[in-house]
Amino acid sequence: MATASDARDKNWFIDKFFQSLMFVCGISAIVFVVGIFLFVFKEGLGFIVNDMNVAEFFFSPKWRPTSLHHPTYGILAMVAGTAAVTILAMAICLPFSIGAAIFIAEFATGKTREILKILIEFLAAIPSVVWGFIALSIMNPFIITAFDVPMGLGVLNSALILALMAAPIVTSIAEDAFKAVPDTYREAAEALGATRWQTIRKVVLPAAKNGLLSAGLLGVGRGFGETMAILMASGHSINIPTSVFDSFRALTATIAAELGETAVGSPHYQSLFAIGIFLFFITFLINMTADFIVRGVKKG
Amino acid sequence: MFEATSINHRNDQVQLRYKIVFGTMLVILIIPVVIIMFTLISKGSHAMSWSFLFEDPKNGMTAGGIFPAIFGTIWLVVVSLLASVPLGVAAAIYLSEYAPDNLLTRLINLATINLAGVPSIVHALFGVGAFVVFFKFGTSILAASLTLAIMTLPVVIVSSWESLQSVPRAFREACWNMGATRWQTIWHVVLPNAFTGILTGVILQVSRAAGETAPIMFTGAAMFLPFLPNSVFDQTMALALHLFVVATQVPDVPESLPFGVALVLVGIVLIMNTVAIWIRMHLRGKKKW
Amino acid sequence: MVSTAQNKIEVQDLSIHYGAHKALGNVSLTVRTNEIFGIIGPANSGKTSFLNAVNRMDMMRPNMNVSGTVRIDGIETRSWRNVYALRRKIGVVFPLPVGLPLTVYDNVALAPRLAGTAGSKADLDELVERCLRRAALWDEVKDRLNHLGSLLSGGQQQRLTIARALSQSPEILMLDEFSIAVDPVTTMRIEDVLKELKEEITIILVTNLVQQANRLADRTAFFLNGECVEIGDTETLFSGSAKDPRTNDYIGGKFG
C-alpha cells in the first residue's frame, strides 16, 4: 500500500523546474558582468590591436581622435582630471560624511534619526543629470561671483557636485560601519568611565576603520564612474588641470560626448570602447578592494 | 561625591560639544541641498502648468511642453521593469533560498556588487555593443530599456534578497515539514511575506531608472522626435536626456524651462521615494508576526 | 520485505553529524505501528536531530550529514524518489509553535491544498473543523477562522500546529517537546488527544518531561549526549528496573 506513494508527482516536477529556472536567473549577474566585459572588449579590440600605442594611450595628454593626418589617443589629461576631481571631492566629502554618520549613529535617537536617514535617502535618489544641471545653473554663477573667476565650470565645481552626490552613499555606509560595532564595546568603555566622545574615538572609530575605508573607496569608485554630472560641470576642455578653477575632461564624459558623433567600427568609435575597458577595470578593482576590506572585517 | 558629580558635569558638557560639532557637519551637508531644492522649486515653478506637462515642445524646444519626454520615460521605465523585476527577484530567490555556501555563490555576490559599480557610461557602451549592434535592435526603446534593466538589476537583487531574508526561517521549516516542496514554500509562504519589501525595492528602482541618462543616450533616447513611440522598436524622447539637451545643447532657452524639467524629474523621483518610505512604515505597523 | 505490519519505523546505525560535530551516533531502534514511542533525554542529546533524520530534513540543511538507514513501512527513506510525499506521511509539531502568517483556516488547509488533496470546499471545511477539534482548538477559534494564525496566543498557536500536522492525514506524528509553550491544562487536553490518535497513527513523542513519557508512551528511549542509552517498555523503565544506571538517574531526577 505504501510502495507506490513515493512516485514523483506534478509538484515534484514543478519544483525541479523552478529550481533550475531560479538557478539560471541566479547566475545572470555573472553572465552580465562577463557579457559587459566581452562586448565592450569586442568593440574596442580593433583599436587595441591596430591603432593603440600603449605608451601614447596612457602617457600622452593629447586626445585628438578626429585629426585627419595624425590622430592621437592619449588619456593622461583625462585620467589626471578625473583623479584630481575625485581626490578633491573625497577630501571635501569624507570628513563631513563621517561626521554626519557619527552624529546619526551615536548621537541621534528615535524620530531625529529616522528623519535624517530619510533625508539622506532622498539625497541619494537625485539623478546625476539634475546634479549636472545644478552645476551649470546654480554652482557656476556662484563660483564666478564668489571667487571672481571668468568661468565657474571645472575642477572645483565638479568636486563640489561630486562631494554632494557621494555624501549620502558614504554617510550611509559609514553609519552601517558604526552600527556594526557591537554595543558591548561601547558599554565596556563607558563602564570604565569614558565619555561618549572618548568611546567613539578610542573604541568605535578604530573598530569601524575598515568599513570607513571601504566607504571612501566606493566614493572614489563613484567619482571615476560618474558621467552626466561631470560632463556638465567640468567645462569639457582637455587639459591637465593646474588650478581648481581649470576646466578639464573626464574619461566618462569623453565617451558620452563623442560616441554619438562616431561611425560604428571606426578607430575613434573603437577608442572610446578602449576607454570603457579601462574604466571597467578601474571600477572593478576599486569595488573588489572595498568588498575585500569589508569582508575581511566580518571574518575577523 | 562632590568631585565625581563635577566630573560628570564636565563630561556632559564635552559630550554636548561633540554632539554639536557632528550635528553641524551634518547640517553643512544638508544646507546646500536645501538651497538647491529651494532654487529648483522657485525657478522651476514658473514653468509649471498643465500645458507644460501635456504639450509637445515648440520652437526648437525653447518653448512648449515636455509631454513626449514624460511619455517616453514611462515607456523606458516600464519596459525595463518588465525585464529586471522578474529576473532580479528570481536571482534573489536563488541566492536566498537555494544557493549553497560555495564558490559559485560567492562569485554571484561579487558579480552583483560589480554590476552595481560599473560606470553608467560603460553600461551604455555595452548597450550599444550588445543590443543596438549585435542583437540588431537598433537605437530603440527595447535596447535602451534592456540597458537600463541590467544597470538597475543589482538594486532589485539586493533589496529583494533582504526582503526574502527577513521572512523567518521557521516558516520555511514548517512548510517543508508538512511536505511542501521548496518551490511551494517559496510561492505560498515566503514570497507573499516578502512582497511589500520587494515592492519597496522596485519603486526605488523606478526612481533610479527614470533619472538615468548615460545608458539611454546612445541606445534609444533621442534629443527630439516629432512623434510619440508606437512600439518598443521606436526611439523615444526621455525626461533625463531632455534636461541635458535643453540645458546644454539648445541655444536661447528661457531660464525657467530647464528648471521646470529638472523640477519634474526631481518631483517624480521624490514622489517614488516617498511612496516607498510610506509602504515601509505601513509595513512596520502591520507586522504579521 | 522484512518489515511486518508491526514495525512502522526501523532505524539502523543512524549517525548524524553537523560538520565535524557529532549530534547522534549509532542509534538502532524500531517504532511499532500504533504505539506512542517516547524519547526522553536532556538538552543536546540528539532528540531533535533524530526527528529531522526520520523525515529527511537533512536535505534542507547543507551541513547536516546522516549515515545509517531509516526504513518506513520497510522502505529505505533515502530510496524514496519523492521526498515530499514521504514528508506528507509524517506530521511534525515543533517545540516553539510556528503559526504561519495565514488565517487560522488557511494554516490548517495549507497542507491538503499543497498536496492537491483538498477536494471540495465542503470537504475542506469539514477537514479543517475535524483537525481543529482534535487539537482541542475548535471552540476557541471557530468564530475567527479568518484571523491571522500567527497572532494567536502561544498555547493556541501550538494547538494550531498540531491541527496543521493532522491536516495532511499523516501516518506518523512526531512531536518535539510540544508542551514547552503550552499551559498545563492544555497540555493535558493534548495528551488525551494523543491517546485517541494512537488508534489510527504512530506517534513519536520527544519530551523533556519525564512524567509525560510515563503517562503516554508505550515504549521509551533514553538519549544522552548523542547516544541512545536504553530502549524499553515505559513501565519497565519507570519502575526502576532500567538496565543502565544513567537511565535510572535521569528518570529519578538526579540530573537533566
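Chain A is the first sequence line, chain B the second, and so forth, proteins listed ahead of strands; every chain is numbered from 1.
Only the side chain of A:V40 comes within contact range of chain B, judged by heavy atoms closer than 4.5 Å. In this structure, the portion of B:L153 lying under 4.5 Å from any heavy atom of chain A is its side chain and not its backbone. Using a 4.5 Å cut-off between heavy atoms, A:I134 contacts chain B through its side chain alone, with no backbone atom that close. Heavy atoms closer than 4.5 Å to chain B are found in both the backbone and the side chain of A:E121. Proximity to chain A involves both the backbone and the side chain of B:L110, based on heavy atoms less than 4.5 angstrom apart. Looking at A:Y269, only its side chain comes within 4.5 Å of chain B, counting heavy atoms on both sides. The part of B:P32 that comes within reach of chain A is its side chain, from C-beta onward, which places non-hydrogen atoms under 4.5 angstrom from that chain. For chain A, the nearby part of B:I30 is the side chain; its heavy atoms alone come within less than 4.5 Å. Only the side chain of A:T171 comes within contact range of chain B, judged by heavy atoms closer than 4.5 Å. Heavy atoms closer than 4.5 Å to chain A are found in both the backbone and the side chain of B:F244. Proximity to chain B (any heavy atom under 4.5 Å) is shown, for A:I98, by neither the backbone nor the side chain. Heavy atoms of A:L231 lying under 4.5 Å from chain B belong exclusively to its side chain. At a 4.5 Å heavy-atom cutoff, the contact between A:L119 and chain B is made by side-chain atoms alone. Using a 4.5 Å cut-off between heavy atoms, A:L123 touches chain B through its side chain atoms alone. Using a 4.5 Å cut-off between heavy atoms, B:V133 touches chain A through its side chain atoms alone. In this structure, the portion of A:F133 lying under 4.5 Å from any heavy atom of chain B is its side chain and not its backbone. At a 4.5 Å heavy-atom cutoff, the contact between A:S28 and chain B is made by side-chain atoms alone. There is no contact between B:R208 and chain A, counting heavy-atom distances below 4.5 Å. Of the two parts of B:M37, only the side chain, counted from C-beta on, holds a non-hydrogen atom closer than 4.5 Å to a non-hydrogen atom of chain A. Contact of B:A247 with chain A is made through backbone and side chain together, with heavy-atom distances under 4.5 Å. Contact annotation for A:I275: neither backbone nor side-chain heavy atoms come within less than 4.5 Å of a heavy atom of chain B. Only the side chain of A:I138 comes within contact range of chain B, with heavy atoms under 4.5 Å apart. With a 4.5 angstrom heavy-atom cutoff, A:M288 touches chain B only via side-chain atoms.
In this structure, the side chains of A:I118 and B:M281 come closer than 4.5 Å at one or more pairs of heavy atoms. Within the 4.5 Å cutoff, the side chain of A:L164 has heavy atoms near those of the B:I36 side chain. Counting heavy atoms from C-beta on, the side chains of A:I120 and B:L29 never come closer than 4.5 Å. Residues A:F32 and B:L87 are in side-chain contact: their nearest non-hydrogen atoms beyond the backbone lie under 4.5 Å apart. Taking the side chain as every heavy atom from C-beta outward, B:I121 and A:L251 never approach each other to under 4.5 Å. No side-chain heavy atom of B:N109 sits under 4.5 Å from any side-chain heavy atom of A:D291. The shortest distance between side-chain heavy atoms of A:F273 and B:V128 falls below 4.5 Å. Inter-residue side-chain proximity for A:E106 and B:F22 is flagged as unmet; no heavy-atom pair is nearer than 4.5 Å.
B:E212 contributes atom CD, which lies 6.0 Å from atom OG of A:S128 (distance to the nearest 0.5 angstrom). A distance of 11.0 Å separates CG in B:L95 from CZ in A:F23, rounded to the nearest 0.5 Å. Going from atom CZ of A:F13 over to atom OG1 of B:T181 covers 13.0 Å, rounded to the nearest 0.5 Å. A distance of 8.5 Å separates CG in B:L243 from CE in A:M228, rounded to the nearest 0.5 Å. We find the CD1-CZ distance between B:I35 and A:F142 to be 8.0 Å, quoted to the nearest 0.5 Å. Distance check, rounded to the nearest 0.5 Å: CG of B:L16 to CZ of A:F107 gives 9.5 Å.
For the set A:Q19, A:K42, A:M139, A:E43, the entry with the most heavy-atom pairs within less than 4.5 Å of chain B is A:Q19. Of the listed residues (B:L241, B:V132, B:I150, B:T274), the one with the most heavy-atom contacts under 4.5 Å to chain A is B:I150. Chain B forms the most heavy-atom pairs under 4.5 Å with one residue out of A:G225, A:G44, A:A290, and that residue is A:G225. Comparing A:L272, A:I255, A:I126 by heavy-atom pairs within less than 4.5 Å of chain B, the highest count is held by A:I255. Ranked by non-hydrogen atom pairs under 4.5 Å with chain B, the options A:V31, A:T283, A:I30 are led by A:I30. Of all the listed residues (B:P258, B:S207, B:A262), the one sharing the greatest number of non-hydrogen pairs under 4.5 Å with chain A is B:P258. Counting heavy-atom pairs closer than 4.5 Å to chain B, the top-ranked of the candidates A:G276, A:P168, A:A256, A:A124 is A:A256. For the set A:L279, A:V130, A:V34, A:I36, the count of heavy-atom pairs under 4.5 angstrom toward chain B peaks at A:I36.
Taking every heavy atom of both residues into account, A:A125 and B:V269 meet most closely at O-CG1, 3.2 Å. Taking each heavy atom of A:F122 and B:I277 in turn, the nearest pair found is CZ-CD1, 4.4 Å. The shortest heavy-atom contact between B:A91 and A:C25 is CB-O, 3.4 Å. Nearest heavy-atom pair across A:S137 and B:F259 is OG-CZ, 3.5 Å. The heavy-atom pair separating B:L26 from A:F103 by the smallest distance is CD2-CD2, 3.8 Å. Between A:T227 and B:S120, the closest heavy-atom pair is OG1-OG, 3.4 Å.
For CH2 of B:W161, the number of neighbouring non-hydrogen atoms (other residues, nucleotides, ligands) closer than 6.0 Å is 12 at most. Residue B:W187 qualifies as open at atom CH2: its count of foreign heavy atoms under 6.0 Å is 12 or below.
Aromatic ring orientation, B:Y18 versus A:W197: parallel (interplanar angle below 30°, classes split at 30° and 60°).
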